[in-house]
K.L.:
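Before I ask anything, here is the structure I am working with.
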Amino acid sequence: MGFNVISSDEAALLIHDNDNVGFSGFTAAGTPKVVPEAIACRAEAEHAAGRPFRIGVFTGASTSDHLDGALSRAKAVKFRTPYQSSADSRAAINAEEIAYCDQHLSELAQMLRYGFFGQIDVAVIEASSVSEDGKIVLGCGVGIAPTVCQLAKKIIIELNAHNPKELAGFHDIYQPADPPLRREIPIYRPSDRIGVPYIQVDPSKIVGIVETNVPDGVKPFSPSDEVTMSIGRNVSDFLTAQLKAGLLPKEFLPLQSGVGNIANAVLGFLGNNPHIPPFQMYTEVIQDSVIGLLEEGRCTFASGCSLTVSDKMMEEVFRNLDFFRNKVVLRPGEISNNPEVVRRMGLITINTALEVDIFGNVNSTHVTGTKMMNGIGGSGDFTRNGYISIFTCPSVAKAGKISAIVPMVSHLDHSEHSVNVIITEQGVADLRGKAPRERAELIIENCAHPSYRPLLREYLALGRKGHTPHYLEAAFAFHEAFLQSGDMAQTSFAPYR
């Protein structure tokens with residue numbers, strides 16, 4: 001190999017204060033490990049010497065503690081986009097120590113190419129292999145890697161020996177042309193391939209290779225509990241009813257599913273439902289439950305941006321790469337989440353809400369309207385363009401002290417115009433074709449926890465006459481009660497009568 005092999009500390013010296021750095025990966029999958037930690041150590045040393053050192057961090061989605069955690073603790077981040085899920089990063093964002101731009105995942109790569117975020121100085125890319133002529137085969141996550149490789153002045157490669165060379169062929173790397181030259185993206189089925197299995201770069205931009213042997217470190221999700229199982233069952237039963245009513249094609253449609261315990265429960269019930277035919281997935285994150293469905297033949301193909309499975313499951317995948325090679329494809333985020341492709345294929349989209357109001361608006365990101373949780377991620381990319389857009393959540397949290405169903409969401413991510421169906425462990429509210437008051441009655445009766453239904457009905461009765469019967473003075477009474485007492489059940493509408 002003709003490239004310089006350097007240490008992670010030497011790589012960190014190639015990154016300077018105020019640089020914008022683009023990283024590969026999507027979730028922990030494919031995220032660089034040792035170079036971000038070395039950047040964090042450099043930042044701490046610079047700060048101890050009284051010198052500034054903070055960088056802009058651009059990724060495909062969330063990362064891992066190696067990146068977001070380490071850099072946030074070192075106070076090394078000036079700007080962050082488009083998504084994160086690190087406790088340390090979240091704390092710094094909510095303390096206003098990091099300027100955070102919450103962004104639809106499908107849009108970041110093109111916005112970088114348009115120049116809306118300034119230049120990318122350095123790209124740090126995890127790879128399974130790199131050839132002397134500049135062909136980079138990625139790890140298990142893609143994200144914005146093709147775009148930051150194109151734009152960056154310098155590229156640092158983390159060559160991770162934990163990823164087998166046989167990963168070559170799993171990726172489908174394609175970047176659309178920018179307007180006014182953009183053409184249609186020719187994906188018509190999840191299994192269609194339209195690009196090449198590597199990123200081609202000018203080899204002269206690769207300034208160093210850092211050799212590693214580190215797993216992605218994805219932890220398995222907790223076992224499903226009674227609530228998540230009930231949500232999964234409700235989603236499965238709803239889609240079965242849609243099939244029987246002829247509202248879905250008899251062949252079914254590809255699925256998109258978010259990440260987490262609820263998503264795993266949903267996929268488990270769909271996989272075990274004899275009324276649901278074998279299906280394909282066109283999604284962001286391929287997680288543990290999808291691997292089992294592929295092995296069982298219940299899912300016949302999975303297209304995603306990352307293979308985000310637990311380390312134990314990844315070992316099984318690596319042992320059976322020949323089996324999965326024709327069943328899995330990994331794409332850049334602007335393709336896996338592309339609204340054009342989502343609309344064309346007619347995806348059934350299933351995402352998670354933090355809270356839902358009685359008129360069908362969804363908050364996916366902010367606790368009590370001010371504290372960022374993770375971000376909007378790709379939920380908007382899929383929701384606004386799906387054949388059926390479904391949002392799931394438990395009806396209550398914090399031992400019943402928080403109702404997920406509220407009079408008005410404290411932050412709006414997905415409006416009533418994009419949300420078709422709300423599903424909790426209590427039941428299903430199909431909002432399609434319903435006027436605001438009808439939506440409110442369905443959501444209160446079918447999705448709210450029984451202990452909160454009287455309060456929600458009381459609020460609806462207060463509502464002023466109009467198309468959407470809000471009573472603005474009391475719209476955030478649930479949130480005010482929680483902030484004052486720690487319990488939304490303490491809400492009283494007596495002052496507003």
Side-chain angles (χ1 to χ4, degrees), residues 20 22-27 29-31 57-63 80-84 101-118 120 123 125-126 136 138-152 170-190 192-201 254 256 258-259 281-286 302-308 329-345 347 349 351 375-386:
N20 285 332
F23 295 89
S24 66
F26 197 96
T27 69
T31 295
V57 175
F58 298 80
T59 64
S62 58
T63 62
R80 180 73 174 90
T81 194
Y83 184 85
Q84 56 75 44
C101 178
D102 188 21
Q103 185 74 45
H104 296 299
L105 300 188
S106 70
E107 294 183 345
L108 180 58
Q110 69 179 22
M111 286 188 168
L112 289 171
R113 294 196 301 272
Y114 296 168
F116 293 172
F117 289 94
I120 295 294
I125 307 296
E126 180 181 277
I136 301 171
L138 295 170
C140 292
V142 183
I144 57 171
T147 294
V148 295
C149 282
Q150 171 192 330
L151 299 177
F170 274 78
H171 307 87
D172 186 44
I173 305 301
Y174 175 91
Q175 287 191 93
D178 292 330
L181 303 177
R182 181 167 294 177
R183 298 289 303 274
E184 69 280 1
I185 296 173
I187 296 176
Y188 308 101
R189 298 174 300 274
D192 286 345
R193 290 174 176 265
I194 59 174
V196 295
Y198 51 81
I199 299 174
Q200 179 68 63
V201 303
Q256 174 267 331
V259 183
M281 296 193 69
Y282 193 88
T283 192
E284 299 174 316
V285 175
I286 299 168
S303 167
C305 190
S306 72
L307 190 58
T308 305
V329 66
L330 300 176
R331 310 182 192 272
E334 68 177 322
I335 304 301
S336 68
N337 292 40
N338 191 275
E340 172 199 342
V341 179
V342 172
R343 178 70 65 89
R344 176 184 299 131
M345 288 196 293
L347 301 191
T349 70
N351 291 285
I376 195 168
S379 57
D381 298 326
F382 293 102
T383 293
R384 284 157 176 74
N385 300 283

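Because the structure is predicted, anything quoted here is derived from the model rather than measured.
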K.L.:
Answer with yes or no whether the side chains of Glu340 and Asn385 bring together a donor and an acceptor at under 3.5 Å.
P.N.:
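Result is no, nothing qualifies.
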
K.L.:
Applying ring pair (Phe, Tyr, Trp, His ring centres under 6.0 Å), can you list everything that pairs with Tyr114, at least two apart in sequence or on another chain?
P.N.:
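Phe116.
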
K.L.:
Between Glu107 and Gln103, what is the shortest heavy-atom contact and its length?
P.N.:
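For Glu107 versus Gln103, the nearest heavy atoms are OE1-NE2, 2.9 Å.
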
K.L.:
Could you pull out all residues at least two apart from Arg113 that satisfy side chain to side chain donor-acceptor pair (under 3.5 Å)?
P.N.:
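If we apply the side chain to side chain donor-acceptor pair (under 3.5 Å) test to Arg113, skipping adjacent residues, the hits are Thr147, Gln175, Asp178, Glu334.
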
K.L.:
Please determine which of Ile199, Leu138, Ile173 meets the side-chain contact (heavy atoms from CB on, under 4.5 Å) test together with Cys149.
P.N.:
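Exactly one candidate clears the test, Ile199.
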
K.L.:
I'd like to know if the side chain of His104 and the backbone of Pro82 have a donor-acceptor N/O pair within less than 3.5 Å.
P.N.:
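Side chain of His104 to backbone of Pro82, a donor-acceptor pair under 3.5 Å: no, none is there.
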
K.L.:
Do Phe23 and Thr31 have side chains that get closer than 4.5 Å, going by heavy atoms?
P.N.:
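With C-beta onward as the side chain, the pair stays apart.
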
K.L.:
How long is the span from the CD1 atom in Ile144 to the CD1 atom in Ile120, to the nearest 0.5 Å?
P.N.:
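The distance works out to 6.5 Å.
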
K.L.:
List the atom of Ala123, the atom of Ala152, and the distance in Å for their closest heavy-atom pair.
P.N.:
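Minimum heavy-atom contact is N-CB, 3.6 Å.
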
K.L.:
Assess whether side chain to side chain contact (heavy atoms under 4.5 Å, CB included) is satisfied between Tyr83 and Leu108, documenting all intermediate values.
P.N.:
CA-CA 10 Å; Tyr83 184 85; Leu108 180 58; over 6 Å; no

K.L.:
I would like to know whether Phe170 and Leu307 meet side chain to side chain contact (heavy atoms under 4.5 Å, CB included); could you show each step before the answer?
P.N.:
CA-CA 10 Å; Phe170 274 78; Leu307 190 58; 5.8 Å; no

K.L.:
Under 3.5 Å, is there a donor on one side chain and an acceptor on the other for Arg80 and Thr59?
P.N.:
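There is such a pair between these side chains.
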
K.L.:
Taking side chain to side chain donor-acceptor pair (under 3.5 Å) as the definition, give me every residue that meets it alongside Ser379, ordered by chain and number, with sequence neighbours left out.
P.N.:
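Ser379 satisfies side chain to side chain donor-acceptor pair (under 3.5 Å) with His414 only.
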
K.L.:
To the nearest 0.5 Å, what is the distance between OG (Ser106) and CZ (Arg384)?
P.N.:
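Rounded to the nearest 0.5 Å, the OG-CZ separation comes out at 10.0 Å.
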
K.L.:
Nearest 0.5 Å, please: how far is CG in Leu151 from CZ in Phe58?
P.N.:
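Rounded to the nearest 0.5 Å, the CZ-CG separation comes out at 10.5 Å.
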
K.L.:
Is the shortest heavy-atom distance from the side chain of Val342 to the side chain of Asp381 under 4.5 Å?
P.N.:
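Sidechains of Asp381 and Val342: no contact.
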
K.L.:
Within this structure, what is the CD1-CG distance for the pair Ile335 and Leu330, rounded to the nearest 0.5 Å?
P.N.:
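Reported to 0.5 Å precision, the distance equals 13.5 Å.
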
K.L.:
Decide side chain to side chain contact (heavy atoms under 4.5 Å, CB included) for Val201 and Ile136; before the verdict, give the C-alpha distance in whole Å, the side-chain angles of both, and the deciding distance to 0.1 Å.
P.N.:
CA-CA 8 Å; Val201 303; Ile136 301 171; 4.0 Å; yes

K.L.:
Nearest 0.5 angstrom please: Ser303 OG to Glu284 CD, how far?
P.N.:
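Answer for the OG-CD pair, Ser303 versus Glu284, is 11.5 Å.
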
K.L.:
Enter the distance from Phe382:CZ to Asn351:CG here, rounded to the nearest 0.5 Å.
P.N.:
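It is 7.5 Å, given to the nearest 0.5 Å.
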
K.L.:
Closest heavy-atom contact between Gly304 and Ser336?
P.N.:
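Closest approach of Gly304 to Ser336: C-CB, 4.1 Å.
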
K.L.:
Mind checking what makes side chain to side chain donor-acceptor pair (under 3.5 Å) contact with Asp172, not counting sequence neighbours?
P.N.:
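In terms of side chain to side chain donor-acceptor pair (under 3.5 Å), with neighbours along the sequence ignored, Asp172 is linked to Arg331.
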
K.L.:
Name all residues meeting the side-chain contact (heavy atoms from CB on, under 4.5 Å) criterion together with Val341; count only those two or more places apart in sequence or in a different chain, and write none if there are none.
P.N.:
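Expected list: Ile185, Ile187, Tyr282, Asn338, Arg344, Met345.
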
K.L.:
Tell me if a side-chain donor or acceptor on Thr349 pairs with a main-chain N or O of Gln256 at a distance below 3.5 Å.
P.N.:
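Not at all, since once roles are kept as given, no pair shorter than 3.5 Å links the two residues.
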
K.L.:
Test of understanding: with side chain to side chain donor-acceptor pair (under 3.5 Å), list the residues that count as partners of Ser306, not counting sequence neighbours.
P.N.:
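Thr308.
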
